[in-house]
Number of protein chains: 4
Amino acid sequence: MKLWKKNYELNKDVERFTVGKDYILDKNLIKYDCIASIAHVKMLGKVGMLKPAEVKRLGLELNKIIELDKKGLFKIKREDEDCHTAIENHLTKRLGDVGKKVHTARSRNDQSLTALRLYYREELESTKALVNELISSITEFKVEYGRVQLPGYTHTRKAMPSSVALWSDAFIDSMKDNLKVLEFVSVLVNQSPLGSGAGYGVPIKIDREYTARELGFEKAQSNPIYVQNSRGKFELAIVQALGQVMLDLNKIASDLIIFSMPEFGYFILPKKFLTGSSMMPHKNNPDVLEILRANYHVVDSYSFRISGIISNLISGYNRDVQLTKEPMMDSFEIAETSLRIASLLFKEMKVDREKCDKAMTRELFATEETYKLVEKGVPFREAYKQVSDKFSDQSR
Amino acid sequence: MKLWKKNYELNKDVERFTVGKDYILDKNLIKYDCIASIAHVKMLGKVGMLKPAEVKRLGLELNKIIELDKKGLFKIKREDEDCHTAIENHLTKRLGDVGKKVHTARSRNDQSLTALRLYYREELESTKALVNELISSITEFKVEYGRVQLPGYTHTRKAMPSSVALWSDAFIDSMKDNLKVLEFVSVLVNQSPLGSGAGYGVPIKIDREYTARELGFEKAQSNPIYVQNSRGKFELAIVQALGQVMLDLNKIASDLIIFSMPEFGYFILPKKFLTGSSMMPHKNNPDVLEILRANYHVVDSYSFRISGIISNLISGYNRDVQLTKEPMMDSFEIAETSLRIASLLFKEMKVDREKCDKAMTRELFATEETYKLVEKGVPFREAYKQVSDKFSDQSR
Amino acid sequence: MKLWKKNYELNKDVERFTVGKDYILDKNLIKYDCIASIAHVKMLGKVGMLKPAEVKRLGLELNKIIELDKKGLFKIKREDEDCHTAIENHLTKRLGDVGKKVHTARSRNDQSLTALRLYYREELESTKALVNELISSITEFKVEYGRVQLPGYTHTRKAMPSSVALWSDAFIDSMKDNLKVLEFVSVLVNQSPLGSGAGYGVPIKIDREYTARELGFEKAQSNPIYVQNSRGKFELAIVQALGQVMLDLNKIASDLIIFSMPEFGYFILPKKFLTGSSMMPHKNNPDVLEILRANYHVVDSYSFRISGIISNLISGYNRDVQLTKEPMMDSFEIAETSLRIASLLFKEMKVDREKCDKAMTRELFATEETYKLVEKGVPFREAYKQVSDKFSDQSR
Amino acid sequence: MKLWKKNYELNKDVERFTVGKDYILDKNLIKYDCIASIAHVKMLGKVGMLKPAEVKRLGLELNKIIELDKKGLFKIKREDEDCHTAIENHLTKRLGDVGKKVHTARSRNDQSLTALRLYYREELESTKALVNELISSITEFKVEYGRVQLPGYTHTRKAMPSSVALWSDAFIDSMKDNLKVLEFVSVLVNQSPLGSGAGYGVPIKIDREYTARELGFEKAQSNPIYVQNSRGKFELAIVQALGQVMLDLNKIASDLIIFSMPEFGYFILPKKFLTGSSMMPHKNNPDVLEILRANYHVVDSYSFRISGIISNLISGYNRDVQLTKEPMMDSFEIAETSLRIASLLFKEMKVDREKCDKAMTRELFATEETYKLVEKGVPFREAYKQVSDKFSDQSR
């Protein structure tokens with residue numbers, strides 16, 4: 001039964017269309033919605049809207065739902081629309097009138113935002129942990145192979161001497177900056193929407209600071225219109241932060257796809273990372289790297305989905321924003337899976353010292369040669385010209 | 001068992017990562033892959049690679065798979081990677097050595113492209129049928145309410161008199177152009193990839209024209225590298241064509257959300273299309289229109305996902321393109337569902353003649369007034385100025 | 001002076017903000033706006049709104065503007081807002097009351113769309129010509145080097161034997177499909193907006209078919225609301241068609257950047273296409289290919305810009321669409337310049353037969369080996385396994 | 001003359017193609033490049049690569065260029081490619097051999113990144129100042145009209161009572177969060193690239209910390225590969241931050257376009273912000289708001305352009321990134337202009353108290369009515385149903 005049940009039935013196709021995948025996606029939110037409801041109920045008790053016994057009963061039942069969910073036993077039916085409805089219905093079925101009071105002083109708008117933000121917070125923590133794990137894996141890789149020299153490229157052409165250490169550090173440093181980005185966005189969105197109602201507050205006195213503290217938010221997001229307007233806006237900031245992580249993975253994958261080609265052979269991909277062809281029996285393909293590379297575009301497209309959905313709309317809740325839920329959840333899923341795979345990769349990947357050595361050809365040292373002239377007092381641009389002329393015969 | 005099985009095991013996480021959702025998405029392709037394999041097998045018979053009895057046995061078994069699939073009984077396991085493997089394994093299990101011959105003279109690359117293009121063709125047909133259905137629904141709506149006058153807007157400001165007929169025809173005409181777009185793209189991509197192998201042909205003599213004809217393609221896509229390079233390129237063209245349809249639905253939704261507001265009230269949405277609020281008991285919300293509006297951005301983001309994935313890659317198959325499968329399938333799903341809902345909407349929606357009448361205020365006729373002066377011989381720009389001055393006092 | 005001059009002055013910042021770059025971009029449209037106005041004026045004569053002498057004077061003056069513009073002498077001032085205003089003001093200044101009549105029975109909305117579509121038509125013709133030129137250049141290149149064998153790659157790994165001819169044909173075929181796409185979109189958008197006014201027709205009898213024929217349009221776009229709604233929609237279709245062209249150039253560039261690396265050396269870029277480094281004297285960089293590659297993303301982002309701008313808006317003209325002008329014009333500019341450069345490239349590029357030869361290593365023939373067994377009667381999957389095992393020792 | 005001049009001439013079309021708009025865009029960078037060069041030269045003096053007299057002469061000359069540029073007198077020719085070359089050529093022309101030493105220990109890669117980051121820093125400061133100015137303007141507006149009640153909407157339908165103060169605060173709070181985003185990204189990208197060379201360091205001992213401090217960077221970005229890999233990555237972060245600002249302006253514009261329609265009339269746009277129609281003499285159009293709304297999509301598309309350009313590329317400098325310069329510069333330009341216009345708007349916009357009053361209809365108080373029942377002890381969901389039934393007759 002829907003929370004807003006009217007004296008008519010929704011067209012079945014319309015129901016299916018509007019509910020979309022919510023009843024599936026919301027499995028991720030059951031826990032968070034219960035946690036938020038427990039805080040909400042305690043607050044209602046504090047301000048005298050619920051009796052202590054009611055608070056206790058609701059709290060117990062909500063915790064039971066959390067337990068059910070852990071075991072995968074709490075179901076959301078399509079007719080329920082979402083987890084919020086399923087939970088309220090469950091409470092009312094179990095507790096009668098007490099259940100009918102749980103929605104006092106809130107709307108689904110602020111309720112679902114609260115569950116989402118608790119979910120985001122936990123996912124962002126997981127993502128950060130996985131970034132740290134990747135940093136460790138790259139560091140181990142660097143300890144093992146760092147001293148190997150290999151060519152550094154610009155414009156996909158040999159430029160100057162580089163090393164496995166230099167290359168590894170590039171990604172360690174980049175991932176450290178990503179951690180800052182993730183941390184910043186965590187703090188930015190960690191504002192409590194609870195109690196802001198449908199976007200214009202609730203017409204009774206409640207204590208929003210209390211629930212904010214109780215749920216570990218930095219603060220209550222005080223303006224209720226801003227709460228609604230920040231739906232999509234905050235999601236965009238998060239997906240873009242994940243995009244920064246994915247961009248680095250895209251570059252790692254791009255580097256490795258090229259430089260593990262037998263024609264270069266600098267990096268040796270672990271056998272169990274390679275797949276074959278259905279037709280060509282000799283093939284060993286870096287599919288895992290190609291999908292890692294492509295995943296960046298999936299997350300990138302999600303950020304553009306969100307930025308499009310929320311544009312050109314007036315203030316206040318618009319149902320359009322429901323469609324930001326899937327890109328958010330899938331972005332976390334992709335980022336986390338990709339980080340795990342990348343981490344595994346660095347643990348198992350090897351460097352072919354011999355191939356690297358062989359690739360350290362003469363032109364990589366042309367700049368050094370120039371600087372030897374500079375140290376002898378030749379102005380840089382003159383020195384450059386002298387060395388350039390030596391190489392011009394070989395260029396084509 | 002994988003088609004490319006080596007003497008080592010793929011890491012389980014790697015398997016999960018590379019297979020992705022393919023083993024689920026490929027449910028949509030079982031039928032098409034069997035149809036394509038039947039044609040392929042017949043061709044192998046024709047060129048003498050298979051004996052007539054083998055052709056017959058393979059054909060029978062493939063048809064059985066089609067039947068199994070209709071009943072939802074043909075399963076693809078994650079370890080199978082995709083439907084192609086599941087089908088070949090099934091054939092080999094049932095037919096022994098004969099099954100091991102089915103993959104002669106093709107690669108999964110051309111095989112999966114063939115199944116996809118048969119699938120696209122059928123989905124494009126469905127989409128066109130639904131566009132036609134929507135045109136009918138709008139036409140019926142126009143027959144009923146077409147003569148009602150209502151304000152025409154520019155810059156979201158009353159401009160000149162319009163009518164329900166004029167508004168309806170705008171979308172009928174636009175949808176007719178969409179049909180042309182869908183038709184064009186259907187023909188464009190209706191090229192047979194079968195027999196192009198992994199992208200460089202197959203090292204035996206086969207008859208690609210035969211399978212092309214057999215499967216109803218316009219022609220064989222002769223260059224095998226182009227077959228691979230067109231993966232993603234064709235998908236992009238299709239999703240963009242669907243985007244043209246979605247854009248019109250986005251505009252229909254945008255119009256109706258505004259002009260069914262009680263403040264205007266020109267259009268009356270059917271009750272069973274309206275949803276309520278969990279907190280505000282008076283609400284009747286046009287969620288279905290908002291999701292229709294938002295769906296445009298989902299499809300739009302899919303076209304950007306594809307355009308990103310396939311960029312900056314060298315020729316030949318790259319595994320990245322696997323990730324174009326989900327956006328393709330989901331785009332069809334969204335476009336078709338959205339068209340169905342829109343069609344339903346026009347069947348049930350009403351026009352409030354009274355509200356429309358009342359909205360036909362004086363300023364809408366300012367241009368007509370101007371042209372009356374023009375007809376009396378006043379140069380247009382003079383006439384414009386005279387009328388403009390009359391209205392300038394009321395503007396603010 | 002603005003066409004809509006009121007009894008107050010526009011804020012200067014507002015003027016600058018709303019005019020944007022229009023007064024610069026519109027230089028491209030002066031010719032087309034005059035051509036359209038000449039047809040419009042003739043039609044006004046035909047229906048009796050203008051006297052023959054007036055038609056003649058306006059026609060002469062409009063032709064003079066075309067001449068002035070050819071010499072770069074027709075100026076659009078920012079205060080004029082756009083070319084349409086500059087032209088009308090010019091006519092009024094030169095012809096007095098007759099000039100004030102030119103805007104009879106049209107609005108800037110249909111007027112500017114008409115000029116744009118004439119411009120699109122010509123630009124699409126130029127683009128098609130350049131695609132044809134590129135096809136010729138690739139064909140010449142193929143004639144010269146086609147028989148050279150080089151490795152074909154899948155997953156950026158050596159797969160099977162390919163040849164310069166096969167590679168060249170891939171792009172020739174793709175470009176031929178692009179021609180069809182360009183041709184289709186040319187026809188699709190070749191509908192005359194003229195006379196549809198601001199989006200709700202004009203309140204006098206005119207002959208829209210006449211101007212449509214006169215200007216070489218396929219037909220008059222009859223529904224005036226659709227005329228406005230198709231602004232942005234058609235532009236999107238055009239930019240996406242250009243995107244198809246750019247995608248192929250992106251792939252050509254991606255192939256050549258990699259395979260002209262000295263490590264491969266299959267292709268030899270012409271010296272005068274290579275740039276150097278400010279610091280590393282030995283460098284020869286394929287900047288031109290990198291920019292060619294990047295240009296795809298510029299055009300792709302323009303299609304995203306347009307698809308975003310026109311979304312979530314109600315029917316009828318919205319000023320937002322003005323911002324589709326720059327991405328359109330720049331997309332044509334980029335596509336045409338890129339095609340020209342690509343054409344030049346194929347004319348001057350060489351193939352290093354020796355390097356290609358040397359790269360034709362044993363594993364490229366593994367599939368052929370498999371098929372030799374197949375021809376001896378070994379079922380394909382068995383043959384595959386046998387050959388696969390031979391190669392498994394060398395894989396890593 | 002190019003810095004990398006070889007013994008052959010670049011093809012003119014190639015030159016034009018690769019230089020692109022750089023020689024124009026770089027006007028914005030002259031000052032910053034000189035400032036960076038001054039610090040660089042001082043560092044070269046400090047480490048003994050330049051004599052004190054050389055440092056002094058170069059410093060003087062660079063300051064003269066800054067002065068010339070202020071007056072618009074420093075020109076960059078297309079043949080110069082960019083400001084860096086123009087400046088080095090100028091120094092060499094004026095100072096002879098001393099000029100030829102200025103490029104010691106750096107590459108254009110790190111040099112241009114340094115100039116860009118100094119430019120970003122200043123632009124980000126300007127943007128923040130303009131956000132603060134907008135906050136002030138909204139605050140003044142709120143002081144004047146804050147107490148006026150007007151309807152709050154959800155789903156574009158009247159929901160609950162709101163007020164001008166509540167609406168204003170929503171944007172004040174959002175803009176305050178934007179300030180945090182801008183501040184964060186300022187700090188993130190404020191890392192000195194100078195001295196990292198072409199991406200693999202410079203083969204002599206220099207003091208990167210010194211120039212970093214001298215130029216006010218937070219720190220030297222130590223890993224030279226990361227310096228190059230962060231090109232585009234940092235730009236993306238900045239444009240996305242600007243996108244957050246633009247999103248709020250998009251919403252402000254969307255609100256005002258609708259709610260300044262005479263049909264609502266809550267907000268009164270200042271006359272001098274309104275434009276007219278060329279054909280309809282009565283029109284007063286909110287073009288400025290429509291362009292404000294559309295500008296969001298321009299900036300959004302720029303972030304997509306950058307994210308596409310930098311994807312699927314290997315580590316190290318790739319010329320593709322040159323094409324991130326224009327979207328960056330234009331994004332700043334658009335964001336700043338838009339903020340200025342929005343600020344002006346709030347200073348001049350009025351609220352129509354009467355229209356707002358009249359719009360405060362009964363259904364807006366349905367939730368309050370429900371809560372009166374709740375306060376009497378009726379469980380919320382019961383109370384909701386009672387009130388819902390009262391309203392159901394009126395809904396349609």
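These numbers come from the heavy atoms of this one structure, side chains and all, not from hydrogens, waters or symmetry mates. Residue numbers begin at 1 in each chain, while the letters A, B, ... track the order of the sequences.
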Peer 1: With a 4.5 Å cut-off on heavy-atom pairs, point out which of B:T156, B:L289, B:V387 contacts chain D the most.
Peer 2: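 So the answer, after comparing B:T156, B:L289, B:V387, is B:T156.
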Peer 1: What part of D:E363 lies closer than 4.5 angstrom to a heavy atom of chain B: side chain, backbone, both or neither?
Peer 2: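 For D:E363, heavy atoms of backbone and side chain both lie under 4.5 Å from chain B.
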Peer 1: Between B:I309, B:L313, B:T154, which shows the greatest number of heavy-atom pairs under 4.5 Å with chain D?
Peer 2: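 Top count of heavy-atom pairs under 4.5 Å with chain D: B:T154.
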Peer 1: Side chain of D:K283, backbone of B:H155: donor and acceptor closer than 3.5 Å?
Peer 2: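 Judged by distance alone, no pair lies under 3.5 Å.
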Peer 1: Using a 4.5 angstrom heavy-atom cutoff, name the option from D:G276, D:A359, D:S311 with the most pairs to chain B.
Peer 2: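 Looking at each of D:G276, D:A359, D:S311 in turn, D:S311 comes out on top.
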Peer 1: Look at atom NZ of B:K358 and say whether more than 12 heavy atoms of other residues, nucleotides or ligands are closer to it than 6.0 Å.
Peer 2: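 Atom NZ in B:K358 is not crowded, with 12 or fewer foreign heavy atoms closer than 6.0 Å.
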Peer 1: Between D:G308, D:A366, D:A383, who has the most heavy-atom pairs with chain B when the cutoff is under 4.5 Å?
Peer 2: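 Heavy-atom pairs under 4.5 Å are most numerous for D:A366.
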Peer 1: Which atoms of D:S307 are under 4.5 Å from chain B, going by heavy atoms: the side chain, the backbone, both sets, or neither?
Peer 2: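 For D:S307, there is no contact with chain B at all, as no heavy atom is under 4.5 Å.
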Peer 1: Determine whether a donor-acceptor pair (N or O, by modelled atom type, separation under 3.5 Å) exists between the side chain of D:R157 and the backbone of B:I257.
Peer 2: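 Side chain of D:R157 to backbone of B:I257: a pair is present.
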Peer 1: With a 4.5 Å limit on heavy-atom distance, are the side chains of B:M261 and D:Y153 in contact?
Peer 2: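 SC-SC contact between B:M261 and D:Y153 confirmed.
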Peer 1: Would you mind checking which part of D:T370 comes under 4.5 Å of any heavy atom in chain B, side chain (CB onward), backbone (N, CA, C, O), both or neither?
Peer 2: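 Side chain only.
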Peer 1: Check whether D:K350 gets within reach of chain B through its side chain, its backbone, both or neither, counting any heavy atom under 4.5 Å.
Peer 2: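 Neither the backbone nor the side chain of D:K350 comes within 4.5 Å of chain B.
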Peer 1: Quiz question: by atom type and distance under 3.5 Å, do the side chains of D:R381 and B:S278 form a donor-acceptor pair?
Peer 2: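 No, B:S278 and D:R381 have no side-chain donor paired with an acceptor closer than 3.5 Å.
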Peer 1: Which value, rounded to the nearest 0.5 Å, describes the distance between D:N312 atom CG and B:I314 atom CD1?
Peer 2: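 Output value for this atom pair is 12.0 Å.
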Peer 1: Can you name the nearest heavy-atom pair linking D:H282 to B:A159, along with the distance?
Peer 2: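 The pair with the smallest heavy-atom distance is CE1-O, 3.1 Å.
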Peer 1: So do the side chains of D:E263 and B:F264 get within less than 4.5 Å of each other, counting heavy atoms only?
Peer 2: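 Side-chain contact under 4.5 Å: yes.
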